[in-house]
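What follows is a short report on a single structure.
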Amino acid sequence: MRALTKTISCRHPSLHLFHPNVESFVWNNLIRFRVRLKSKLQHSPLSLYLRMRSRSVSPDLHTFPFLLQSFNAHSHLSHGLQLHAQIFLFGLSDDPFVQTSLINMYSLCGSVSFARQLFDEIPQPDLPSWNTIIHANARVGMIHVAREIFDRMPQRNVRSWSCMIHGYVSCGDYKAALSLFRDLQVMEGHRIRPNEFTLTSVLSACARLGALEHGKWVHAYIDKSGMKVDVVLGTALIDMYAKCGNIERAKCIFGNMGPEGKDVMAWSAVIAAMALHGLSKECLELFEKMINDGVRPNAVTFVGVLCACVHGGLVSEGNQYFNRMTEEYGVNPLIQHYGCMVDLYSRAGRIEDAWDIVKSMPMEPDVMIWGALLSGARMHGDIETCEISIKKLIELDPKNSGAYVLLSNVYAKLGKWKEVRHLRDLMEMRGVKKVPGCSLVEIDGILHEFYAGGDSHPETENIYRMVDEIIKRLEKHGYVRNTNEVLLDLDEEGKEFALSLHSEKLALAYCFLRTSPGTTIRIVKNLRICMDCHVVMKMASREFNREIVVRDCNRFHYFKNGLCSCKDYW
DNA sequence: TTAGGGTTAG
């Protein structure tokens, strides 16, 4: 290296003045290419830096922004700290590029406090530093801190907005993400245009909320602005349409992506979409097509595939895919895959096989595993398995409301109201809060939320009147309330009343009040739809001649002409 | 030379 630079400087005397920079330039680029390469086979970026130092080449302003990119895991923190000391030593700590790289390094190494300390010490941080510290807080769930920083930024660019919107999405506050997107358009519409990064996060929020109208608007915006739909944006569109109930559109987007543009995530998204919609056979066909196209499946792909088998009741196929996953594709089963298998067997009544899966797992079964086993055991009347699962559930997480609800379900089904009451007291004593049932509908671009038994909606009175009307009309056609799943210790009349307050019934009533005849009704529910609401949706679809689409926490239900796409298997 | 986006059991 030294010989090379000497030769250069001899042949080009003008370069002689820059002699030290030529050497560091070469080393910087070696480090940069090594960071980009991400290969473990050659010298690490850090070892290249050490070699650079051992040859007495001084690092410059360009060295650390490259080098620091390679420190991106918690285990790298101590090396990162040592490099920070080097930065001081060489007097480079006032450079904005170096500062941003350091903030980012601390954030990726898991130390938000160091990142914040450093940021606070910068007299006038530049935009990348502001954006990096927002991202650092958002990625660890400190979304309020991120927002506080965002609000006091002297100026923002499209990355600042995208970063904050993405922060809301990643912490699960999807409504705040959409609200901030609206602010972007109102406050900065004339100056800042959302780009593919912004819209990917917005689509993700729409998907989670089931906000089809919002999602369609974003899609139209993408088309209108001539934005290129790359594989990431395409995958977000597939996911949005699928989670908002329009599987045909999701398939269409996927079909238009072109074979070279489909990576494993795009394939996994469309496979998960099929599973969510109960299109099990089509899902498995897609998986085979993916293999034929030469795309290697990953763990997420197999979650989708196994999920399709669960929803379709395809026990032997599920078993085959579970085996192929490891044997053919070298994917080690994660707890999610075991969860699918337990669910697959227990739903089908093969409780012994489900137990075999639980016993064979290399990791400790979690709440989901016991929940799936309990759910199947309950369905098929295996009381002993129910009891074991329940004990495990409470033992694992005494504050998990889901466990108590499942336990209440069992006791309620057995008519053990005393135990249900005891459980309720226990929940109160331990400060366990039951997740309230919540349904969401979108009418004319506005999201309406309904909580079980709630009265927060301005049209509550009309809604409850409409629920009564629906029930009365269905009763004329033989509808009888199914009170088996009501968890409260009430008399029959009380239980019937509790059922009529379920959030999806309130949402349905509101849609009948506020949408035109013939319009498809779309409801997104946070919990699993209960047996009674499922019957009501089926009958209402026929009686009122409406297609009703309900996304519950498991899958989609398409109610049409008195039937459901899940064939009552959910 | 510094900052950003997509798929995942119930």
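Hydrogens, waters and symmetry mates are skipped; everything else that's a heavy atom, side chains included, is used. Letters A, B, ... mirror the listed sequences (proteins, then strands); counts begin at 1.
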Atom [atom1] of [X] and atom [atom2] of [N]: how far apart are they, to the nearest Å?
{"X": "F254(A)", "N": "dT7(B)", "atom1": "CZ", "atom2": "C1'", "value": "11 Å"}
{"X": "N72(A)", "N": "dG4(B)", "atom1": "CG", "atom2": "C1'", "value": "16 Å"}
{"X": "I103(A)", "N": "dG4(B)", "atom1": "CD1", "atom2": "P", "value": "12 Å"}
{"X": "M164(A)", "N": "dG5(B)", "atom1": "CE", "atom2": "P", "value": "14 Å"}
{"X": "M257(A)", "N": "dT7(B)", "atom1": "CE", "atom2": "C1'", "value": "11 Å"}
{"X": "N104(A)", "N": "dT1(B)", "atom1": "CG", "atom2": "P", "value": "17 Å"}
{"X": "H337(A)", "N": "dA9(B)", "atom1": "NE2", "atom2": "P", "value": "10 Å"}
{"X": "F197(A)", "N": "dG5(B)", "atom1": "CZ", "atom2": "C1'", "value": "6 Å"}

base_contact_polar ([N] base, [X] side chain, donor-acceptor, <3.5 Å):
{"X": "S101(A)", "N": "dT2(B)", "answer": "no"}
{"X": "D230(A)", "N": "dG5(B)", "answer": "yes"}
{"X": "D126(A)", "N": "dA3(B)", "answer": "no"}

(request) Rounded to the nearest 0.5 Å, what's the gap from OH on Y174(A) to OG on S204(A)? Could you check? (result) 7.0 Å
(message) Quick check for you: to the nearest 0.5 Å, what is the distance between I253(A) atom CD1 and H219(A) atom NE2?
(response) 4.0 Å
(message) I want to check a possible cation-pi pair here: R555(A) against W570(A), using under 6.0 Å from ring centre and within 45° of the ring axis as the test.
(response) no
(message) On the six-membered ring of Y345(A), is R350(A) placed so that its NZ or CZ lies under 6.0 angstrom from the centre and within 45° of the ring axis?
(response)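 Judged by the rule (NZ or CZ under 6.0 Å from the ring centre, within 45° of its axis), R350(A) is not positioned above Y345(A).
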(message) Looking at R324(A) and E288(A), is there a salt bridge between them, counting it only when a charged N and a carboxylate O are closer than 4.0 Å?
(response) yes
(message) Check this for me, if you would: do E285(A) and K289(A) make a salt bridge, where the nitrogen-to-carboxylate-oxygen distance has to be below 4.0 angstrom?
(response)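 Looking at K289(A) together with E285(A), the answer is no, because their closest N to O distance does not fall below 4.0 Å.
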Give [X] one of three labels, base, sugar-phosphate or nothing, depending on what nucleic acid heavy atoms sit under 4.0 Å from its own.
{"X": "D366(A)", "answer": "base"}
{"X": "V98(A)", "answer": "nothing"}
{"X": "T235(A)", "answer": "base"}
{"X": "D95(A)", "answer": "nothing"}
{"X": "L334(A)", "answer": "nothing"}
{"X": "Q69(A)", "answer": "sugar-phosphate"}
{"X": "K262(A)", "answer": "nothing"}
{"X": "L68(A)", "answer": "nothing"}
{"X": "N28(A)", "answer": "nothing"}
{"X": "A266(A)", "answer": "base"}

(message) So if I take every side-chain heavy atom of P65(A) and compare against dG5(B), dT1(B), dA3(B), which nucleotide ends up nearest?
(response) dT1(B)
